[in-house]
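Values in this document were obtained by computation on a predicted structure and should not be read as measured data. Letters A, B, ... mirror the listed sequences (proteins, then strands); counts begin at 1.
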Protein chains: 2
Amino acid sequence: MKHHAQIFKALSDPIRLRIVLLLQSEGELCVCDLMAVLKLPQSTVSRHLAYLKRSCWVDTRREGVWMHYTLSRGSCAICKGLLQILEQHAYDLPEVASDRSALAAFLKEKPSGCS
Amino acid sequence: MKHHAQIFKALSDPIRLRIVLLLQSEGELCVCDLMAVLKLPQSTVSRHLAYLKRSCWVDTRREGVWMHYTLSRGSCAICKGLLQILEQHAYDLPEVASDRSALAAFLKEKPSGCS
DNA sequence: AAATTATATCCGTGTCTGCGGATAAATCAA
DNA sequence: TTGATTTATCCGCAGACACGGATATAATTT
């Protein structure tokens with residue numbers, strides 16, 4: 001029960017919600033991607049990502065200096081269901097659309113070193 | 001976005017999660033019902049119910065002295081989806097089952113005055 | 001080793017929220 | 001009106017968490 005509550009708590013912050021939706025549409029992102037899109041300081045982004053990891057929402061993959069974050073597929077069946085609901089009901093929000101286009105613009109100009 | 005985050009925040013507390021699941025299985029409950037099942041003081045139960053109401057999760061119906069709470073059907077399409085997910089993934093939790101049987105036992109012995 | 005880049009963690013501060021006893025408000029009965 | 005019942009709100013206290021600059025860690029490059 002506590003575990004389920006924690007899953008919801010992880011989505012109870014607007015920034016974390018934006019991060020989860022960005023990961024859902026893009027697949028894999030590193031901290032610097034999210035800093036650019038969310039326009040937030042690095043410590044803030046890292047802190048929210050750590051929270052999402054503690055709550056079993058994301059997995060990490062290190063590639064050199066970069067830490068790549070993905071939605072943790074494979075664990076937490078309830079998370080998958082919640083993602084479907086989000087997909088249905090959150091993508092029409094203007095903030096989600098602008099985040100996605102900001103991400104696309106950033107990735108286009110990004111040097112290919114950090115893929 | 002903030003609104004969606006608030007919807008999740010309402011489910012981020014174990015007690016509120018239990019209340020929502022009880023309302024989902026029983027339909028309509030008053031504060032005294034929940035006090036008996038959750039074994040919590042009245043102020044605690046009322047506070048959580050007020051939080052759920054602020055977050056568009058429940059509606060109220062006054063009947064004399066009693067205030068009846070129901071899951072607010074009709075508003076918040078995303079809430080309905082979340083309830084379906086909960087139904088699929090939370091009912092196998094032991095705490096949910098014991099809450100439901102405790103509620104059934106309480107309602108059976110309850111004087112019919114407060115229906 | 002030294003410098004650089006990306007990320008994680010630390011720190012003090014402020015806000016939010018939970019708790020539950022105490023009190024207030026609302027409703028009904030006598 | 002008085003009293004009883006149910007519910008809502010108030011109150012001080014405690015813990016969790018958000019913030020973001022500063023610092024530490026990790027990996028790569030030179």
S.K.: By nearest atom, which of the nucleotides D/dA18, C/dT7, D/dG20 is closest to the A/Pro41 side chain?
M.R.: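 Among D/dA18, C/dT7, D/dG20, the one nearest the side chain of A/Pro41 is D/dG20.
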S.K.: Tabulate atom names and distances for all N/O pairs under 3.5 angstrom spanning the protein and nucleotides 1-4 of chain C.
M.R.:
none

S.K.: Side-chain N or O of B/His48 less than 4.0 angstrom from OP1 or OP2 on C/dC19?
M.R.: yes
S.K.: Applying side chain to side chain donor-acceptor pair (under 3.5 Å), name anything that partners A/Thr60, two or more places apart in sequence or on another chain.
M.R.: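 Scan of A/Thr60 (side chain to side chain donor-acceptor pair (under 3.5 Å), adjacent residues dropped) gives A/Lys53.
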S.K.: Considering only side-chain heavy atoms of A/Tyr51, which listed nucleotide, C/dT5, D/dA18, C/dT7, is closest?
M.R.: D/dA18
S.K.: For B/Gln6, enumerate each residue passing the side chain to side chain contact (heavy atoms under 4.5 Å, CB included) test, keeping only those at least two apart in sequence or located in another chain.
M.R.: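 Once residues adjacent in sequence are excluded, the partners of B/Gln6 under the side chain to side chain contact (heavy atoms under 4.5 Å, CB included) criterion are B/Lys9, B/Tyr51, B/Ser55.
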S.K.: Please report, rounded to the nearest Å, how far the P atom of C/dC19 is from the NZ atom of B/Lys39.
M.R.: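 Rounded to whole Å, this separation is 17 Å.
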S.K.: Just distance, no hydrogens or angles: give the donor-acceptor pairs under 3.5 Å from side chains in residues 40-50 of chain B, sequence neighbours left out.
M.R.:
unit_1: B/Gln42; atom_1: NE2; unit_2: B/Ser46; atom_2: OG; d: 3.1
unit_1: B/His48; atom_1: ND1; unit_2: B/Arg16; atom_2: NH1; d: 3.3

S.K.: Would you kindly give the CG-to-P distance between A/Leu38 and D/dC19, to the nearest whole Å?
M.R.: 11 Å
S.K.: Under the side chain to side chain contact (heavy atoms under 4.5 Å, CB included) rule, collect the residues that match up with A/Ser101, sequence neighbours excluded.
M.R.: none
S.K.: Taking CD1 from A/Ile19 and P from C/dT7, how many angstroms apart are they, rounded to a whole number?
M.R.: 13 Å
S.K.: Quick check against the 3.5 Å criterion: does B/Arg54 have a side-chain atom that pairs as donor or acceptor with the backbone of B/Cys56?
M.R.: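 The answer is no, because no donor-acceptor pair under 3.5 Å joins these two groups.
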S.K.: Collect all protein-nucleotide pairs involving nucleotides 8-14 of chain C in which both atoms are nitrogen or oxygen and the distance is under 3.5 Å.
M.R.:
unit_1: C/dA8; atom_1: OP1; unit_2: A/Tyr69; atom_2: OH; d: 2.5
unit_1: C/dA8; atom_1: OP2; unit_2: A/Ser46; atom_2: OG; d: 2.9
unit_1: C/dA8; atom_1: OP2; unit_2: A/Tyr69; atom_2: OH; d: 3.3
unit_1: C/dA8; atom_1: N7; unit_2: A/Gln42; atom_2: NE2; d: 2.6
unit_1: C/dA8; atom_1: N6; unit_2: A/Gln42; atom_2: OE1; d: 2.9

S.K.: I'd like to check the side chain to side chain contact (heavy atoms under 4.5 Å, CB included) partners of A/Ala5; sequence neighbours left out, ordered by chain and number.
M.R.: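 Expected list: B/Pro14, B/Leu17.
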S.K.: Identify, with sequence neighbours excluded, every residue that meets side chain to side chain contact (heavy atoms under 4.5 Å, CB included) alongside B/Asp99.
M.R.: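 Per chain and number, B/Asp99 pairs via side chain to side chain contact (heavy atoms under 4.5 Å, CB included) with B/Arg18, B/Leu22, B/Val37, B/Leu38.
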S.K.: Can you name the side chain to side chain donor-acceptor pair (under 3.5 Å) partners of A/Glu87, sequence neighbours left out?
M.R.: A/Gln24
S.K.: Salt bridge check, B/Arg61 against B/Glu28: does any charged N sit closer than 4.0 Å to a carboxylate O?
M.R.: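 Salt bridge flag = yes for B/Arg61 with B/Glu28.
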S.K.: Just to be sure I understand the geometry, which residues of residues 8-16 of chain A put a non-hydrogen atom under 4.0 Å away from DNA chain D?
M.R.: A/Lys9, A/Asp13, A/Ile15, A/Arg16
S.K.: Send over the distance from A/His68 NE2 to C/dA6 P, rounded to a whole Å.
M.R.: 12 Å
S.K.: D/dG20 P sits how many Å from A/Leu34 CG, rounded?
M.R.: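 The answer, rounded to whole Å, is 15 Å.
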